[in-house]
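Everything below concerns the one structure shown next.
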Amino acid sequence: MLQVYSTELRAKTTFTPRLPGSVFMYVCGPTVYDSCHIGHARPAVVFDTARRYLEYSGYAVTFVSNITDIDDKIINRANELGISCAQLTSRYQDEYEADMTALGVRAPTIRPKATEHIREMIDLISELEKKGVAYVTPRGVWFDVSKFPAYGKLSGRTADDENTEHRVEQDGEKRNPQDFALWKFAKPGEPEWASPWGAGRPGWHIECSAMSGKYCDFQLDIHGGGADLCFPHHENELAQSEACTGRKFVKYWLHNGFITVPKDDSGDQKMGKSKGNAFWLREAFKLAPPAALRLWILGTHYRMPLLYKPELLDAAKNGLDRIYACVEALARVAAAGEISAETASHAKEADDAFRTAMDDDFNSPQALASVYDLVGVANNTIAKQAAPADCFALLQTLNAHLGVLGLPLSRPQAGSAKTDGLVKLLIELRGLARADKNFALSDKIRDGLTAQGITLNDRGGETTWTVS
RNA sequence: GGCGACGUAGCCAAGCGGUAAGGCAAGGGUUUGCAAAAUCCUCAUGCGCCGGUUCAAAUCCGGCCGUCGCCUCCA
């Protein structure tokens, strides 16, 4: 029985989707105005893993994740670069999708773009206006927080909590400091769309309500995103959506924690562009394969702070190597057939442990521990010259778990078909040298390959190789 | 100022009342022509500090110290 931690309840609770057997989940996607930093990878990976586990548990999952392609940052950046907003966002959306694919993040069922849902947003704002919870000023259309008494129920913030001296700026046009923009009228030169109130563009929060509303009927089972989105973004999204429909908008709000980086001896600090300590994802890809990044991310529970430092990527890479060494060893002997009772029980125990871990609010570090335990069992089984069928059964279990975690089923091979042939030839020559006890030559070949990042592995009478 | 989170071995990190998972690193044995890989063993009498509740606390309560986050664009 899956338990999830709900931000709204501030506690774990049993997960029961609105419609039995199917799950509708929405995860806030990126604003595409720049390259991804490693912080973008975390929500993508953890919610992708949640999705995969829900499917593993038998649910049909509709996974919606948007692209924000209109906003102030985009307008500013496009102006700086002297290109159109559309050129800018299409470039960075492509980059985002490529980076996520590298991390093993599956494409969402639906990936809606804000600019393609202006119509829906306008309808939503009209509805809010009709219900008397929106008002117009010279600068835009606003949501009137005072008309939605439940405001603050997600984040636990009430108007009284907010200390006005700590708010950066007051807006004289707003009736209440917490009121937020539904529609902003365009200034000269800004992108604009026609609306009943005047030409302009949507506020930040309305797009998620409109798109999740369209694709999930305003009744999501899970809504995910980074912890920083909880307030004000999600609080506002909730207010808009529930004020409009009068129904509960989201059953379970899930928020992932931040990535932190070591600051000095005293502690760690949140990573962020405004802190000037963000690491680009593509730089991280140079330090370790994307799969190792994914393993690093899943090594910490999604709600906890995730510490980033290059050594941790190395550690993840080494752990990954051990998993794949086991996968490869199993694959060498595996073949379908009748399995022993002992192996059957090992496989069952491993799967039970994995599910128990993931059922506890997607506890991936615990699940990973079960994977490593399974690796240990498998290595033992291989060492005992077990039947091919037993290896096959363990491999299947291991593959299933790697699949849920979104890790590749085999070690990424960097070589091309041509270099593969050359390496095989060199291994063959080395084998001949070794047969002649010409170890000077055989070691020269091995050392030369090592220098090229190719590690040889003599196992039994066979030599295999891996690319670092 | 308001709200919230966290402090577990050399480095990460689970555990959430029943007597410290897992990974990386390190050391030793087996194996190997030598390596690598694999394998076996070792590696926190103790979970920031001080009290309290309990037969029993890393886990609950109170206090203290330390770190971080949200309240403003941010994943």
Side-chain angles (χ1 to χ4, degrees), chain A residues 7 10 12 27-31 33-34 36-47 71-73 76 152 155-158 160-169 178 204 224-233 235 255-260 263 266-275 278 295-296 299-301 303-307 309 311-323 325-326 328-329 353 357 360 363-373 375-376 379-380 382-384 434 437-439 442-443 446-447 450 455-460 463-466:
Chain A
T7 302
R10 283 156 213 287
K12 285 182 196 169
V27 176
C28 289
T31 299
Y33 71 104
D34 205 345
C36 294
H37 60 257
I38 54 178
H40 289 98
R42 172 114 103 148
V45 166
V46 303
F47 292 113
D71 128 304
D72 292 355
K73 295 186 294 295
N76 294 154
S155 60
R157 289 170 211 278
T158 63
D160 303 335
D161 287 343
E162 304 303 323
N163 185 325
T164 47
E165 77 180 73
H166 281 79
R167 291 187 70 88
V168 170
E169 92 183 270
Q178 291 185 308
W204 174 33
D228 54 336
L229 297 180
C230 181
F231 188 89
H233 184 53
E235 191 71 62
H255 292 99
N256 64 273
F258 291 113
I259 290 177
T260 57
K263 187 175 55 175
S266 64
D268 307 321
Q269 183 181 50
K270 175 188 168 184
M271 186 194 79
K273 287 183 198 170
S274 52
K275 305 257 189 202
L295 187 66
W296 160 67
T300 294
H301 183 91
R303 280 190 283 115
M304 297 291 110
L306 206 205
L307 182 63
K309 39 184 180 176
E311 306 91 280
L312 297 177
L313 257 32
D314 286 338
K317 185 174 171 301
N318 291 341
L320 202 59
D321 276 342
R322 226 185 94 212
I323 292 171
C326 176
E328 286 159 7
D360 183 15
N363 191 333
S364 57
Q366 189 89 50
L368 237 15
S370 84
V371 168
Y372 282 111
D373 285 343
V375 166
N379 282 331
N380 265 316
I382 296 163
K384 283 189 291 191
R434 290 178 76 208
K437 300 224 186 297
N438 185 350
F439 297 122
S442 69
D443 288 352
R446 184 176 63 194
D447 293 346
T450 303
T455 307
L456 298 190
N457 188 338
D458 297 326
R459 181 170 190 140
T463 298
T464 57
W465 53 286
T466 55

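In what follows, every chain begins at residue 1, and chains take the letters A, B, ... in the order their sequences are listed. Here the structure is a predicted model, which is why all the values come from computation and not from measurement.
One finds a side-chain N or O of A:N318 lying less than 4.0 angstrom from the OP1 or OP2 phosphate oxygen of B:A25. Distances shorter than 4.0 Å separate none of the side-chain N or O atoms of A:K270 from OP1 or OP2 on B:U67. At the phosphate of B:C74, OP1 or OP2 sits under 4.0 Å from a side-chain N or O atom of A:K73. Taking side-chain N and O atoms only, A:K309 has no distance below 4.0 Å to OP1 or OP2 of B:C11. A close approach under 4.0 Å does occur between a side-chain nitrogen or oxygen of A:N363 and OP1 or OP2 of B:G15. The side chain of A:N379 contributes an N or O atom lying less than 4.0 Å from OP1 or OP2 of B:U39. Taking side-chain N and O atoms only, A:R10 has no distance below 4.0 Å to OP1 or OP2 of B:C3.
At the heavy-atom level, A:L229 lies under 4.0 Å from the strands shown only through sugar-phosphate atoms. A:G226 comes within 4.0 angstrom of sugar-phosphate atoms only, judged by non-hydrogen atoms across all strands, and of no base. Within 4.0 Å of A:D447, counting heavy atoms only, lies no atom of the nucleic acid at all. Within the 4.0 angstrom heavy-atom criterion, only backbone atoms of the sugar-phosphate kind lie near A:A315; the bases stay farther away. A:S442 comes within 4.0 angstrom of a nucleotide base, judged by non-hydrogen atoms across all strands. Within the nucleic acid shown, A:M304 comes within 4.0 Å of sugar-phosphate atoms alone, with no base atom in reach, counting heavy atoms only.
For B:G46 and B:G10, the P atoms lie 13 Å apart once the distance is rounded to whole Å. Using C1' as the reference atom, B:U72 and B:G18 are 47 Å apart when rounded to the nearest Å. Look at the P atom in both B:C47 and B:A57: the space between them is 12 Å, to the nearest Å. Annotation: B:C70 and B:G27 have their P atoms spaced 41 Å apart (nearest Å). To the nearest whole angstrom, the two P atoms, one in B:U30 and one in B:A35, are 12 Å apart. Taking the P atoms as reference points, B:C11 lies 14 Å from B:G48, given to the whole Å. Nucleotides B:U45 and B:C60 place their P atoms 23 Å apart, quoted to the nearest Å. Rounded to whole Å, the C1' atom of B:G23 lies 27 Å from the corresponding atom of B:G66.
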Let me check I have this right: for RNA chain B, each base becomes ., (, ), [, ] or |, based on Watson-Crick or G-U pairs with both distances under 3.5 Å. What is the full string? (((((((..(((.....[...))).(((((.......))))).....(((((..]....))))))))))))....
For A:T464 and A:E328, what are the C-alpha separation, side-chain angles and deciding distance, and is it a side-chain contact (heavy atoms from CB on, under 4.5 Å)? CA-CA 10 Å; A:T464 57; A:E328 286 159 7; 5.9 Å; no
side-chain contact (heavy atoms from CB on, under 4.5 Å) between A:D360 and A:Q366, worked out: CA-CA 9 Å; A:D360 183 15; A:Q366 189 89 50; over 6 Å; no
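Side-chain atoms of A:W296 come within 3.5 Å of backbone N or O of A:L307 as a donor-acceptor pair.
With respect to the salt-bridge test (charged N to carboxylate O, under 4.0 angstrom), the residues A:D34 and A:K73 do not qualify. For the pair A:R446 and A:D443, the salt-bridge criterion is met [side-chain N within less than 4.0 Å of a carboxylate O].
Between the side chain of A:R446 and the base of B:C34 there is at least one donor-acceptor pair of N/O atoms closer than 3.5 Å. Under 3.5 Å, the side chain of A:D458 and the base of B:A35 form at least one donor-acceptor pair of N or O atoms. For B:G33, its base sits under 3.5 Å from the side chain of A:D443 at one donor and acceptor pair at least. Put simply, the side chain of A:R434 and the base of B:G33 share a donor and an acceptor less than 3.5 Å apart.
B:C73 atom C1' lies 14 Å from atom CZ of A:F231, rounded to whole Å. Following rounding to the nearest Å, A:L295 (CG) and B:A13 (P) show an atom-to-atom distance of 14 Å. Note: CD (A:Q366) to C1' (B:C16) measures 12 Å, nearest angstrom.
Residue-to-nucleotide proximity on RNA chain B shows that, of A:P232 and A:S155, the 5′-proximal contact is made by A:S155. Toward the 5' end of RNA chain B, the nearer of the two residues A:G257 and A:K12, judged by each one's closest nucleotide, is A:K12.
Look at A:F439 and the base of B:G33; the rings stack, centres closer than 5.5 Å and planes less than 30° apart.
Side-chain contact between A:N256 and A:F47 is present, with heavy atoms from C-beta onward closer than 4.5 Å. Using a 4.5 Å cut-off on side-chain heavy atoms (C-beta onward), A:C230 and A:T7 make contact.
The two atoms that bring A:G319 and A:Y372 nearest to each other are CA-OH, 3.5 Å, heavy atoms only.
Distance CH2/A:W204 to CG/A:D71: 9.0 Å, rounded to 0.5 Å.
If you run side-chain contact (heavy atoms from CB on, under 4.5 Å) between A:L306 and each of A:M271, A:H301, A:R42, only A:R42 comes through.
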